Amino acid sequence: MISLNYRDQRPIYEQVKDGLRHLVVTGAIQTGDKLPSVRALAASLAINPNTIQRAYESLEAEGYLTSQPGKGSFAAPGKDVNAQRREELLRQFDRSAAELLFLGLSPDELARRVMAAGSVPAGVKEEKAQ
């Protein structure tokens, strides 16, 4: 599900947050799916539950998760992701696209990659089933 790299300079909670965000974005965790409890995920990753709680709270603030007291955390619909996060990602995309074009990638290839990103990659559904 999520792998941690202790040599990564990013804090563990950010690695957890990025890993969960990736699973939601790729469809491995679909809208409405229940996420593992804070304690269960912390135990499976062998880290402090406060680290998981911080990642969940951050993802909820960004709109990727919703929490229901007494029931747990669930993947939120993509339309709930906040506008600030969307703008940040668009700025990153614009910088990356400009550099890829500079490095010789054709606009058609860039467009094909964007279109391919819109479909669920092969293996994601199998990943979820495991």
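Since we're looking at a predicted model, the values are computed, not measured.
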Does Ser96 reach the main-chain N or O of Gln92 with its side chain, forming a donor-acceptor pair under 3.5 Å?
-> yes

Got a donor-acceptor contact below 3.5 angstrom from the Asp18 side chain to the Gln15 backbone?
-> no

Any side-chain heavy-atom pair from Val16 and Tyr56 closer than 4.5 angstrom?
-> no

Which distance, rounded to the nearest 0.5 Å, do you find between the OH of Tyr64 and the NZ of Lys17?
-> 9.5 Å

Transitive ILVMFWY side-chain link Tyr6 to Tyr13, under 4.5 Å = no

Members sharing Leu110's hydrophobic cluster (side chains within less than 4.5 Å) = Leu100, Leu101, Leu105

CA sep, side-chain torsions, deciding dist, call: Glu88, Arg91, salt bridge (charged side-chain N to carboxylate O under 4.0 Å, His left out) = CA-CA 5 Å; Glu88 175 187 334; Arg91 281 192 299 277; 5.6 Å; no

Give the intermediate values and the outcome of side-chain contact (heavy atoms from CB on, under 4.5 Å) for residues Glu87 and Leu90.
-> CA-CA 5 Å; Glu87 289 303 314; Leu90 284 170; 4.1 Å; yes

Within the side chain of Ser44, is there an N or O that forms a donor-acceptor pair under 3.5 Å with the backbone of Leu41?
-> yes

To the nearest 0.5 Å, how far apart are OG in Ser37 and CD in Gln53?
-> 10.5 Å

Output the distance between atom CG (Leu20) and atom CG (Leu35), rounded to the nearest 0.5 Å.
-> 6.0 Å

With a 3.5 Å cut-off and sequence neighbours excluded, list the donor-acceptor pairs that the side chains of residues 67-76 form with protein atoms.
from: Ser67; atom 1: OG; to: Glu60; atom 2: OE1; distance (Å): 3.1
from: Ser67; atom 1: OG; to: Ser73; atom 2: OG; distance (Å): 3.3

Shared hydrophobic cluster for Val25 and Leu23 (ILVMFWY, side-chain gaps under 4.5 Å) | yes

CD1 of Ile47 to CD1 of Ile12, rounded to nearest 0.5 Å, is 6.5 Å

Can you tell me how far the CG atom of Asp94 sits from the CD atom of Glu99, to the nearest 0.5 Å?
-> 13.0 Å

May I ask you to say whether Glu57 pairs ionically with Arg54, meaning some side-chain N is under 4.0 Å from a carboxylate O?
-> no

